[in-house]
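Numbering starts at 1 and runs along the sequence shown. Because the structure is a prediction, the values reported are computed rather than measured.
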Amino acid sequence: YRLEHRRRGRIRILAATSNEQTGRRTVQRQAAALTAAGASGQLVLVDVSTGHAVTWQVLAPRTLSSSQNRAGEDGVPG
């Protein structure tokens, strides 16, 4: 299994594993990390033997509300 980050027609391979369940957990962890970093696109777990997507997750950048943008004079978001 291969974990791909797909965005604007580009594919970046992020990880590989021989176990589907491990791959699914990796999708969840990577999605959280990429979303927190402001990434967009899709994470896709691909079965390399068939080339088919096993599971995927759409990434949408988190947006802060105006109150969160103002929170924390130390520069740390609320």
Side-chain angles (χ1 to χ4, degrees):
Y1 297 90
R2 178 178 64 232
L3 179 61
E4 300 176 349
H5 178 208
R6 298 179 180 179
R7 183 172 177 258
R8 296 184 181 172
R10 301 177 102 168
I11 298 173
R12 184 170 58 136
I13 298 171
L14 301 179
T17 182
S18 59
N19 182 289
E20 182 180 345
Q21 290 304 326
T22 300
R24 288 177 183 271
R25 287 190 298 272
T26 302
V27 168
Q28 293 170 345
R29 283 193 307 272
Q30 287 287 334
L34 288 169
T35 299
S40 61
Q42 290 183 331
L43 279 182
V44 182
L45 184 64
V46 177
D47 182 333
V48 293
S49 66
T50 65
H52 292 111
V54 175
T55 190
W56 61 90
Q57 185 163 342
V58 175
L59 302 175
R62 290 178 19 195
T63 58
L64 298 176
S65 69
S66 58
S67 62
Q68 288 173 314
N69 284 330
R70 291 191 306 269
E73 291 182 5
D74 58 356
V76 178

Passes side-chain contact (heavy atoms from CB on, under 4.5 Å), Glu20 versus Thr55? Steps please.
CA-CA 10 Å; Glu20 182 180 345; Thr55 190; over 6 Å; no
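Considering OG1 of Thr35 and CD of Gln57, their distance stands at 6.5 Å, rounded to 0.5 Å. With values rounded to the nearest 0.5 angstrom, Arg25 atom CZ is found 6.5 Å from Asn19 atom CG. Here the CD atom belonging to Gln42 is positioned 13.0 Å from the CG atom belonging to Leu34, to the nearest 0.5 angstrom. Atom CZ of residue Arg6 and atom CG of residue Leu43 lie 10.5 Å apart, to the nearest 0.5 angstrom. Between the OG1 atom in Thr22 and the CZ atom in Arg29 there is a gap of 8.0 Å [rounded to 0.5 Å]. Here CD of Glu4 is found 9.0 Å from CG of Leu45. Values are rounded to the nearest 0.5 Å.
In terms of hydrophobic clustering, with Ile, Leu, Val, Met, Phe, Trp and Tyr side chains grouped at heavy-atom distances under 4.5 Å, Trp56 and Leu3 are assigned to different clusters.
Residues Asp47 and Tyr1 are in side-chain contact: their nearest non-hydrogen atoms beyond the backbone lie under 4.5 Å apart.
Across Ser40 and Arg7, no two heavy atoms sit closer than the pair OG-NE, 3.0 Å. Annotation for Thr26 and Ala15: closest pair CG2-CB, 4.3 Å, computed over non-hydrogen atoms. Contact between Ala39 and His5 at its shortest, heavy atoms only, is CB-CE1, 4.4 Å.
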